[in-house]
Number of protein chains: 2
Amino acid sequence: MTFDLPTQGRSDAAAEGETPIVSSAMATDIVPTPTAVFGRPARVLVVDDDENVTNMLRRALSFEGYAVATARDGNDALKKTLEFAPDLVVLDIMLPAIDGVEVCRRLRAGDPQLAILMLTAKDAAADQVVGLDAGADDYLVKPFTLDVLTARVRAQLRRKEPSEVELVRFADLVLDTGTHSARRGTREIALTTTEYDLLLQFMRHPRQVLEKEQLTEKVWGYDFGGNYNVLEVYVRYLRQKLEAAGEPRLIHTLRGAGYVLREPTA
Amino acid sequence: MTFDLPTQGRSDAAAEGETPIVSSAMATDIVPTPTAVFGRPARVLVVDDDENVTNMLRRALSFEGYAVATARDGNDALKKTLEFAPDLVVLDIMLPAIDGVEVCRRLRAGDPQLAILMLTAKDAAADQVVGLDAGADDYLVKPFTLDVLTARVRAQLRRKEPSEVELVRFADLVLDTGTHSARRGTREIALTTTEYDLLLQFMRHPRQVLEKEQLTEKVWGYDFGGNYNVLEVYVRYLRQKLEAAGEPRLIHTLRGAGYVLREPTA
DNA sequence: GTGCGCTCTGAGAGCGCCCTGAGAGAGCTT
DNA sequence: AAGCTCTCTCAGGGCGCTCTCAGAGCGCAC
């Protein structure tokens, strides 16, 4: 759900294509394709190491009207999730590199709202328990028919909270999780993916010291073994963009400890 | 004083945090509104001088499953915050006695984790800037619909996470483990990492004699073999910062024994 | 008072954390 | 291929922080 921002002229926001607030309870607006959420096609990420499977699912889901992306292993899945921002992930439990269960756990940690549909091997009852414990919303036993799959996908998407496009605020800084863009006061700020991920970490934990290890773990997914120069460089990028018009600093360095997002109190 | 507690017996709200498992494909269940944080109903304090407004918001939020308290002015708000320990405060910017912005600032100073949602008058663009600078997490322009309000409340509470952020207090001194910063009265004090570590030791053991050996062991991780000059120097740094505005001494020397954190009157 | 030893103080040196500018390489668009 | 954006690496350097040192201050015992 998008929130109307009262102040600024929304010349660009109008072109956004976002649904404005429906203030009355009786919203009988157009319901487009049944595969749509929030007025846009739902995004589905398919993760499986078998290309035959991913291709088949891609075709089937595309045919149903979903926007589909695929990934072939765990790392790929995590990366694509950040880029593609899917509403639902179809996840095979057997994966090379990172285990499907582990992927599920990380996805769930990263986004509590994300719908996750796990594919388990036949009769592997134990898998199902493990998978559900890891935060999957539903599972499907191979082999399955496409009808069953699309039905499950539909069911999961239907229960999705209508929103998750969120405006995270701190001081005069606003981060739009829908467009991945930021605004400081009235100034629009374009962010790259990594910059956005990093800033989001700060915005979700304002006034908290974030250690370099935590940040790299969250943003890059792994530890850098003590060399945090990448992080330092990206903090620099963020500061440059956030203070481009001479605004006071928001991301502060705590030498030897990490960084904090804090209001510019004198 | 009476606080509204959610009336509905929400048997499933106890399982909050766990996504209900839907094993059937045709799941039409409705997921209960997630009004809980940390496994209990979230507490919301509504502050407005218009009783019609507070009553309306109380009803709406109670219906959503929140525990609601109300306050009619700034002093009342600060008092109720201490008693009620809300997770979120809905705060009108126009208040008698103490201004809403000032209330916001004090609430924020008292608890960096508290979610604050400000209500501003229509088109008062300046207010929003002021409010956000004072530490509000979000604002809402009057008039608004209840739908919008509850959505915002939900969004704010969703991002609340259990954290180890803690405010350690002693006399007029507050140490924020989130930002590693200290405050004496209203004066903000920046600390280096070593200074912070040392002060934390004192704050965790107030009115206790701490031997030099203990302190160096804890802060520096090893013993200095009898030469405690580093410690003495850092005690000095702390004293300089903590007494910079002429405040009475808190860290006292016990010749031959060590140091104590003790209130000045004793 | 005198002497001793503990503590405080000011100044400064060195380390290393962090910032910075530049650029190579990957991926994508044209 | 060329151009672009984005990511990440690397080397250089500033300066914040830590710690040392020498000397002064001060409490305590005699």
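Each chain gets a letter, A, B and so on, in the order the sequences are listed, and its residues count up from 1. Heavy-atom basis, side chains included; hydrogens, waters and symmetry copies ignored.
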Original post:
More than 12 heavy atoms of other residues, nucleotides or ligands under 6.0 Å from NZ of K241(B): is that the case?
Top reply: yes
Original post:
More than 12 foreign heavy atoms under 6.0 Å from CD of E217(A): is that the case here?
Top reply: yes
Original post:
Phosphate oxygens OP1/OP2 of dC8(C): is one of them under 4.0 Å from a side-chain N or O of R239(B)?
Top reply: yes
Original post:
Taking the side chain from T193(B) and the backbone from R255(A), do they hold a donor-acceptor pair closer than 3.5 Å?
Top reply: yes
Original post:
Can any side-chain N or O of R207(A) pair as donor or acceptor with the backbone N or O of D176(B) at less than 3.5 Å?
Top reply: no
Subject >> K212(B) vs dC6(C): side-chain N/O to OP1/OP2 distance below 4.0 Å >> reply: no
Subject >> Results of side-chain hydrogen bond (donor to acceptor under 3.5 Å, both in side chains) for E232(B) - residues two or more places apart only >> reply: K212(B), N229(B)
**OP:** Could you encode protein contacts along nucleotides 5-11 of chain D as a string, one character per nucleotide from 5' to 3', using B for base contact, S for sugar-phosphate-only contact and - for no contact, with a heavy-atom cut-off of under 4.0 Å?
**Re:** -SBBBB-
**OP:** Kindly calculate the angle separating the two end axes of the helix from dG1(C)-dC30(D) to dT30(C)-dA1(D), each obtained from five base pairs, and round it to 10 degrees.
**Re:** 30°
Original post:
Rounded to whole angstrom units, what separation is found between the CZ atom of R249(A) and the C1' atom of dC18(C)?
Top reply: 11 Å
Original post:
If only atom types and distance count, is the side chain of R108(B) paired as donor or acceptor with the main-chain N or O of P112(B) below 3.5 Å?
Top reply: yes
**OP:** Please determine if a side-chain N or O atom of Y228(A) lies less than 4.0 Å away from the OP1 or OP2 oxygen of dC19(C).
**Re:** no
**OP:** Whole angstrom is fine here: how far is it from CG in L254(B) over to C1' in dC8(C)?
**Re:** 15 Å
Subject >> Footprint string (nucleotides 24-30 of chain D, 5' to 3'): B base within contact, S backbone only, - free, heavy atoms under 4.0 Å >> reply: -BBB---
Subject >> Whole-Å gap separating P (dC19(C)) and CZ (R236(A)) >> reply: 10 Å
Original post:
Using a cut-off of 4.0 Å on non-hydrogen atoms, how would the nucleic acid contact of L231(A) be classed: base, sugar-phosphate, or nothing?
Top reply: nothing
Subject >> Donor-acceptor contact below 3.5 Å, side chain E247(A) vs main chain A245(A) >> reply: yes
Subject >> Nucleotide dC8(C), atom P - distance to CG of L238(B) in whole Å >> reply: 12 Å
Subject >> Expected output: side-chain D137(B) to main-chain L117(B) donor-acceptor under 3.5 Å >> reply: no
**OP:** Mind checking side-chain contact (heavy atoms from CB on, under 4.5 Å) for D76(A) and listing every partner two or more places apart, or none if nothing turns up?
**Re:** A71(A), R72(A), D73(A), K80(A)
Original post:
Residues in side-chain contact (heavy atoms from CB on, under 4.5 Å) with E243(B), at least two apart?
Top reply: R184(B), R239(B), R249(B)
Original post:
If you measure from the Lys or Arg side-chain nitrogens to the Asp or Glu carboxylate oxygens, is any gap between R204(B) and E166(B) under 4.0 Å?
Top reply: yes
Subject >> B/S/- contact track for nucleotides 24-30 of chain C, protein heavy atom under 4.0 Å >> reply: -------
**OP:** Sort and list the pairs that fulfil ring pair (Phe, Tyr, Trp, His ring centres under 6.0 Å) and have at least one residue in residues 173-203 of chain B, not counting sequence neighbours.
**Re:** H180(B)-Y196(B)
**OP:** Check side-chain contact (heavy atoms from CB on, under 4.5 Å) between A69(A) and all other residues, then give those that pass, not counting sequence neighbours.
**Re:** L45(A), F84(A)
**OP:** Could you state the atom-to-atom distance from CD of E232(A) to P of dG16(C) in whole Å?
**Re:** 16 Å
Subject >> R169(A) to V174(A) - nearest heavy-atom pair and separation >> reply: NH1-CG2, 3.9 Å
Subject >> Qualifying salt bridge (charged side-chain N to carboxylate O under 4.0 Å, His left out) pairs, either residue in residues 52-63 of chain A, two or more places apart >> reply: none
Subject >> By salt bridge (Lys or Arg N to Asp or Glu O under 4.0 Å) - contacts of E51(A) (at least two apart) >> reply: none
Subject >> Interface with DNA chain C, restricted to residues 197-207 of chain B and to heavy atoms under 4.0 Å >> reply: none
